[in-house]
Amino acid sequence: MRYQKPKGTQDFLPGVVEKWQYVEKKARDWCHRFNYKEIRTPIFEQTELFIRSVGETTDVVEKEMYTFKDKGDRNMTLRPEGTAGVVRAYIENKLYGEPDIQKLYYIGPKFRYEQPQSGRFRQFHQFGVEVFGSTAPSIDAEVISLGYSLFKDLGLQGVKVEINSIGNKESRAAYRGKLQEFLTPVKEKLCSDCQSRFDRNPLRILDCKKDQQYFDGAPSIIDSLDEESIVHFEKVQKYLSEMDVKFEINPKMVRGLDYYTDTVFEFKAEGIGAIDTIAAGGRYNGLVEQIGGQDQPGVGFGIGLERVLLILDHQDIQIPEENLLDIYLVALGELAEEKSVKILNELRQAGIRAEKDYLGKKMKAQLKSADRQKVKYAAILGEDELERGEIVLKTLESREQSVIPLQNFVEEMIKKTKGGNM
RNA sequence: GCGGUCGUGGCGAAGUGGUGAACGCACCGGAUUGUGGCUCCGGCAUUCGAGGGUUCGAUUCCCUUCGAUCGCCCCA
């Protein structure tokens, strides 16, 4: 085997690609119901964009980016997440000048240089939404409910929504200080991971699986929120309840990207391995300005499609399978073969999905091939039929067959296929 | 970046320091000079992820490397 796909990437072959199309279609349908419009942005951007938005000291930026110099010596990076590029496009195309708020969605590949494991790849795919221009809590709730609706529609069982509010930059910095103060007496007892987190990312310590016994009485981030954030968070909860979105508040939840403010949330599913977050997002009120636009609030999420597909398989959820072929043309002999090219084209032009043999197989093998492709009809055209100006139409399942005048054949097939399964 | 397990035909899967690498499925052909799903018969890996080493000889032992898989960190 000479070449193999790059580590952590996947080939999506016929047979599984249909599942992707199914999920993507559902995602699009829900977006359109919620009045979200698709946006497509480049797969790579200036490296600086990600550093500025995602955060200089985040793991994503520090060690997971696919960064390269192009031939013009520009520093570029394959996008590791979706928000930065959309925000950039929002600013560059002056979408803030539109009279209404911007409700956008995207579907596409993302890249992170990480060690692959269950549900994690170097090239992975996300469906996500971003909303610009409103601080209304109803938008936070709408975004969450959009994701919730999609997961329910896909039939996923046991998906949990966890929400939290991390306030604005100031209250978060204050909380960080309070937390470090609280943890200082027990710092030496914490596990090595937590000790290294102490300065880098103390908020995450509370999430540690080993050190929970030291956290009794720890300050909660909720208590550090200012009045505005509290009201916002409460309204988000109220709206979620009114929309029947089942959620839990997880005051320990911290997100890995620096740009979040106020509402953050995750969708989790059990039983798909160590990595159980299938979607995550939140509000990012300072980000647009930080990247050089005018001050506009934003909120959005990203759904990890590999992980959704993983659950679909795990929960044995079947996607509806549709027949992709209407008729298989069996041609026997040189003349019939020549005629079949013309007929095949006529069928296809008439909107009928038609196929023939290209390997010079015998009739038996051609029928076998037709059978394998789960096609409903086979039409047999041999030298005899050709001479008589006829063609044999066979229904594969019932094995019944009838003789049809060749000149009526296409018309007959239009009747049969359009009437039957459209 | 670190750790566990693994790497034999299209797929699944045995196996051994030494003449032709089981078996099952799939596929191809024949039995059936023009009718598929059953049955029977036949065919289908000059090769055991790649590179190097030990050896008279390695798919089997050793090293390196690449990849898969699961986990840690982190994350969708």
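Excluded from the calculations below are hydrogen atoms, water molecules and symmetry mates; all remaining heavy atoms, backbone and side chain alike, are included. The chains referred to below are lettered A, B, ... by the order of the sequence lines, with proteins before strands, and numbering in each begins at 1. All values reported here derive from a predicted model rather than from experimental measurement.
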Next on the checklist: If you go through the side-chain atoms of A:Glu62, does one of them form a donor-acceptor pair with the base of B:G1 closer than 3.5 Å?
Outcome noted: no
Next on the checklist: Both distances below 3.5 Å, Watson-Crick or wobble geometry, any strand: find the nucleotide opposite B:G36.
Outcome noted: none
Checklist entry - Base, sugar-phosphate, or nothing for A:Tyr328, non-hydrogen atoms under 4.0 angstrom? => result nothing
Next on the checklist: I'd like the P distance from B:U32 over to B:G36, given in whole Å.
Outcome noted: 13 Å
Checklist entry - If you look at every strand shown and take non-hydrogen atoms under 4.0 Å, does A:Gln401 touch a base, only sugar-phosphate, or nothing? => result base
Next on the checklist: I want to verify a distance call: between B:A76, B:G29, B:U35, whose nearest atom is closest to the A:Arg307 side chain?
Outcome noted: B:A76
Item to check | Partner nucleotide of B:A45 by Watson-Crick or wobble geometry (both distances under 3.5 Å) | outcome: none
Next on the checklist: Can you tell me if A:Arg255 touches the phosphate of B:A76, counting only side-chain N or O atoms and a distance under 4.0 Å to OP1 or OP2?
Outcome noted: yes
Item to check | Any A:Tyr377 side-chain heavy atom under 4.5 Å of A:Leu393 side chain | outcome: yes
Next on the checklist: Once you apply a heavy-atom cut-off of 4.0 Å, does A:Lys362 come out as touching a base, just sugar-phosphate, or nothing?
Outcome noted: sugar-phosphate
Checklist entry - Is there a side-chain polar atom (N or O) of A:Lys361 under 4.0 Å from OP1 or OP2 of B:C28? => result yes
Checklist entry - Taking for each residue the nucleotide of RNA chain B with the nearest heavy atom, is it A:Val60 or A:Glu397 whose nucleotide lies nearer the 5' end? => result A:Glu397
Item to check | Aromatic ring proximity A:Tyr36/A:Tyr105, centre distance under 6.0 Å | outcome: no
Checklist entry - Does A:Arg372 put a side-chain nitrogen or oxygen below 4.0 Å from OP1 or OP2 of B:C28? => result yes
Item to check | For B:A58, the Watson-Crick or wobble partner whose two distances fall under 3.5 Å | outcome: none
Next on the checklist: By the 4.0 Å heavy-atom rule, please label A:Ile278 as base, sugar-phosphate, or nothing.
Outcome noted: sugar-phosphate
Next on the checklist: Name the residue from A:Glu64, A:Glu114, A:Glu306 that meets the salt bridge (Lys or Arg N to Asp or Glu O under 4.0 Å) definition with A:Arg120.
Outcome noted: A:Glu114
Next on the checklist: Consider salt bridge (Lys or Arg N to Asp or Glu O under 4.0 Å). Of A:Arg79, A:Lys110, A:Arg88, which one does A:Glu45 pass it with?
Outcome noted: A:Arg88
Checklist entry - So what does A:Leu396 touch, heavy atoms closer than 4.0 Å: a base, only the sugar-phosphate, or nothing? => result base
Next on the checklist: Is it the case that the ring center of A:Phe151 lies less than 6.0 angstrom away from the ring center of A:Phe267?
Outcome noted: yes
Checklist entry - Hey, does A:Glu383 reach any base, or is it just sugar-phosphate, or nothing, if we go heavy atoms under 4.0 Å? => result base
Item to check | Any strand: nucleotide that pairs with B:C74 via Watson-Crick or wobble, under 3.5 Å | outcome: none
Checklist entry - Do the ring centers of A:Phe111 and A:His125 come within less than 6.0 Å of each other? => result no
Checklist entry - Parallel, tilted or perpendicular: which fits the ring planes of A:Tyr113 and A:Tyr66, with parallel below 30° and perpendicular above 60°? => result perpendicular
Next on the checklist: Suppose we call a contact any N or O donor and acceptor under 3.5 Å apart; does that hold for the side chain of A:Gln4 and the base of B:A50?
Outcome noted: no
Atom pairs under 3.5 Å: protein N/O with N/O of nucleotides 68-72 of chain B:
| residue | atom | partner | partner atom | Å |
| --- | --- | --- | --- | --- |
| B:A68 | OP1 | A:Gly8 | N | 3.0 |
| B:C70 | OP1 | A:Ser118 | OG | 3.4 |
| B:C70 | OP2 | A:Ser118 | N | 3.0 |
| B:G71 | OP1 | A:Ala274 | N | 2.7 |
| B:C72 | N4 | A:Arg120 | NH2 | 3.4 |

Checklist entry - Counting only Watson-Crick or G-U wobble pairs whose two distances fall under 3.5 Å, which nucleotide matches B:A26? => result none
Item to check | Exercise: do A:Thr395 and A:Glu400 side chains pair donor with acceptor under 3.5 Å | outcome: no
Checklist entry - How would you label the contact of A:Glu306 with the nucleic acid (heavy atoms, under 4.0 Å): base, sugar-phosphate, or nothing? => result nothing
